[in-house]
There are 2 protein chains.
Amino acid sequence: MTTTMHMVASTAQPAMTSQNKCAVCSFKKLCLPLGLDEADVGRLDKIIGRRRRVARDENLYRMDQPFTSLYAVRFGHFKTAQVNPDGKQQITGFQMAGDLLGMDAIGAGRHACAAVALEDSEVCEIPFARLQELFGQVPQLLQHFHRIMSQEIMREQNVMLFLGNMRAEQRFAVFLLNLSARYAARGYSPSNFQLRMSREDIGDYLGLTIESISRLLSKFRKAGWISIDNRELAILDRPSLEALSTGVAAAQRNNVVEIRQAVAA
Amino acid sequence: MTTTMHMVASTAQPAMTSQNKCAVCSFKKLCLPLGLDEADVGRLDKIIGRRRRVARDENLYRMDQPFTSLYAVRFGHFKTAQVNPDGKQQITGFQMAGDLLGMDAIGAGRHACAAVALEDSEVCEIPFARLQELFGQVPQLLQHFHRIMSQEIMREQNVMLFLGNMRAEQRFAVFLLNLSARYAARGYSPSNFQLRMSREDIGDYLGLTIESISRLLSKFRKAGWISIDNRELAILDRPSLEALSTGVAAAQRNNVVEIRQAVAA
DNA sequence: CGGATTCTTGAAGTCGCTCAACGAACGTGG
DNA sequence: CCACGTTCGTTGAGCGACTTCAAGAATCCG
């Protein structure tokens, strides 16, 4: 593979010292330390517990487990999933480096969903009680924490939006572009990346079956919008995907229908 | 109508003084003041801005509007809705007395969705900047605020769950039981209440069409599970609704299929 | 009242699901 | 390294749940 302007979206462990210093973490601008001065980052560092490695398919935490800590993804990928009584899982999100996990558990004191590593990953453990102590001393940190929680609420609203009223194609386009944007924000290629999750996981996230995901991938490939080889994905025609994702295509279809009706009338 | 053990779920304005005192508000146990001592409730009272009346169909705030305040519903009902590019709306939630509105806007500084009154309603305006100041002085308040935000994240995950992998009947049963539980928590009848929202709103919340909602209401009525007269609803057979909502019915269906297959084999 | 909105019900259509078979990739142990 | 079983992914055919379209009934509200 040739080198590109962007780093390839691999999961290579970032270079770092023997300690888990936020100051030298390449994802500090996406994570809790955003906007803190050097001294405050140091204070945050102090309370951060041990780093924790999570092997592929291992649970970082399970549903109903008591809540003690938030986790910041250091490298690797996770999924968070709720299991409903009849056995099916709803995946509520995919998390990557810099993302914060566990905020849904603060309210009830136990985790409302399970977090599972999609590949060998590592997280920073952030004991919530100690974080709360720090809030009193570092107002900036508190503010940013509120922003992060609020963004999580917004993110979920977007999921509700596509689950509630988008067609399969549109959901899938939104999904791909969302991944693309998130990799871009991390300095990776927005056009070439690996799908870290199985087709089944994508389906459980988008409210579709594994077969539908497979068909959508084939369809998008045949349309020339993407290339897909196993889990290696390339976005070839972003404008088309964007048109789909914003519902322009749907609107156009509607126009066509209206025109047809007008002609018929 | 005869008097019952429960208050009827009407929107009568709670008795109160000329000022908006949390201390005398009947919903303080559902709202921000939960767990505060008298003195701290007084401090909270001081920062709460004017009460604000919102007429039916009026916007409390619109999408993209700059964020300045959170709002606590004092009486009445609201819906929060996102509009997607192709015109359809996704309703992200229905809010009633004691619920907090606007948390999704903290992150971006502008509202990610619109809040519309479903009937003549009233809210307490809580300027967020002043609330932030208070966080430093009243740790209990901060803790509870985190719980509320976290619960909002959990609530949305539940919406994702039914949007993503429940059938129409199941979604609708979950919806009705959720309303029931929320009215119960407010001291109203869990069995008899009014649907404050239109069929269209319910549909836009559950990811279904208005026609489907209408058919579901008829079906549930004919099955003897509910009675419905216009928007006046009564739950007649809670166990059946609960079975539906937890997917037991679906599981039973699956069992039947398995049994059929076993017999056929 | 009467017009507009909301709701109900039916008939037809479609999108995504279910079921089924097969192929590819993986990884484990010989 | 290959053989093997297992998991994962693809593709097709048929079906069913929900939508779309359409018309009429009920309700709201000025």
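No hydrogens, no waters, no symmetry mates; every other heavy atom, side chains included, goes into these values. A note on names: the letters A, B, ... follow the listed sequences, proteins ahead of strands, and every chain is numbered from 1. Because the structure is predicted, anything quoted here is derived from the model rather than measured.
Distance B/L163 CG to D/dA17 P: 19 Å, rounded to the nearest Å. Following rounding to the nearest Å, A/E169 (CD) and C/dC15 (C1') show an atom-to-atom distance of 11 Å. We find that CD of B/E232 is positioned 15 Å from C1' of D/dT27, with the value rounded to whole Å. Atom pair B/L208:CG and C/dG16:P shows a separation of 15 Å (rounding to whole Å applied). A straight line from CG of B/D204 to C1' of D/dT19 spans 14 Å, rounded to a whole angstrom. Atoms CD (B/E119) and C1' (D/dC28) sit 16 Å apart, rounded to a whole Å. Remark: C1' of C/dT5 and CZ of B/R56 are 10 Å apart, rounded to the nearest angstrom. In this structure, B/L195 atom CG and D/dC28 atom P are separated by 13 Å, rounded to whole Å.
The side chain to side chain contact (heavy atoms under 4.5 Å, CB included) search around B/A72 returns B/C31, B/L100, B/C124, B/I126, not counting sequence neighbours. Partners of A/D201 by salt bridge (Lys or Arg N to Asp or Glu O under 4.0 Å), not counting sequence neighbours, listed by chain and number: A/K79. Judged as a side chain to side chain contact (heavy atoms under 4.5 Å, CB included), and not counting sequence neighbours, B/Q151 has no contacts. Take B/R182 and apply the salt bridge (Lys or Arg N to Asp or Glu O under 4.0 Å) test, not counting sequence neighbours, and it matches B/D99. B/R52 pairs by the side chain to side chain contact (heavy atoms under 4.5 Å, CB included) definition with B/R50, B/L60, B/Y71, B/V123, not counting sequence neighbours. In terms of the side chain to side chain contact (heavy atoms under 4.5 Å, CB included) criterion, residue partners of B/A105 (sequence neighbours excluded) are, by chain and number, B/F67, B/H111. The side-chain hydrogen bond (donor to acceptor under 3.5 Å, both in side chains) search around A/N59 returns none, not counting sequence neighbours.
Residue A/G207 is in sugar-phosphate contact alone, with no base atom involved, counting any heavy-atom pair closer than 4.0 Å across all strands shown. Among the heavy atoms of the strands, none lies under 4.0 Å from B/R171.
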Side-chain donor-acceptor distances from residues 218-227 of chain A under 3.5 Å, at least two apart:
from   : atom 1 : to     : atom 2 : distance (Å)
A/S218 : OG     : A/S214 : O      : 3.2
A/K219 : NZ     : A/E169 : OE2    : 2.5

Ignoring hydrogens and angles, write down the donor-acceptor pairs under 3.5 Å from the side chains of residues 155-165 of chain A, residues two or more places apart or on other chains.
from   : atom 1 : to     : atom 2 : distance (Å)
A/R155 : NE     : A/E152 : OE1    : 3.2
A/R155 : NH1    : A/T92  : O      : 3.1
A/R155 : NH2    : A/T92  : O      : 3.1
A/R155 : NH2    : A/E152 : OE2    : 3.0
A/E156 : OE2    : B/Q157 : NE2    : 3.3
A/Q157 : NE2    : B/E156 : OE2    : 3.3
A/N158 : OD1    : B/Q82  : NE2    : 3.2
A/N165 : OD1    : B/N84  : ND2    : 3.1
A/N165 : ND2    : B/Q89  : O      : 3.1
A/N165 : ND2    : B/Q90  : OE1    : 3.4

Pick out the pairs of N or O atoms, protein on one side and nucleotides 23-26 of chain D on the other, that lie under 3.5 Å.
none

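Regarding contacts with the backbone of D/dC18, every side-chain N or O of B/T209 stays at 4.0 angstrom or more from both OP1 and OP2.
If one axis is set at each end of the helix from C/dC1-D/dG30 to C/dG30-D/dC1 from five pairs, those axes are 50° apart, to 10°.
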Summarise how protein sits on nucleotides 5-15 of chain D as a single string, 5' to 3': B when a protein heavy atom is under 4.0 Å from the base, S for sugar-phosphate-only contact, - for no contact. ---SSBBBB--
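Not a single donor-acceptor pair under 3.5 Å links the side chain of A/R74 to the backbone N or O of A/R51.
B/R196 is not listed as a side-chain neighbour of B/F94, based on a closest heavy-atom distance of 4.5 Å or more.
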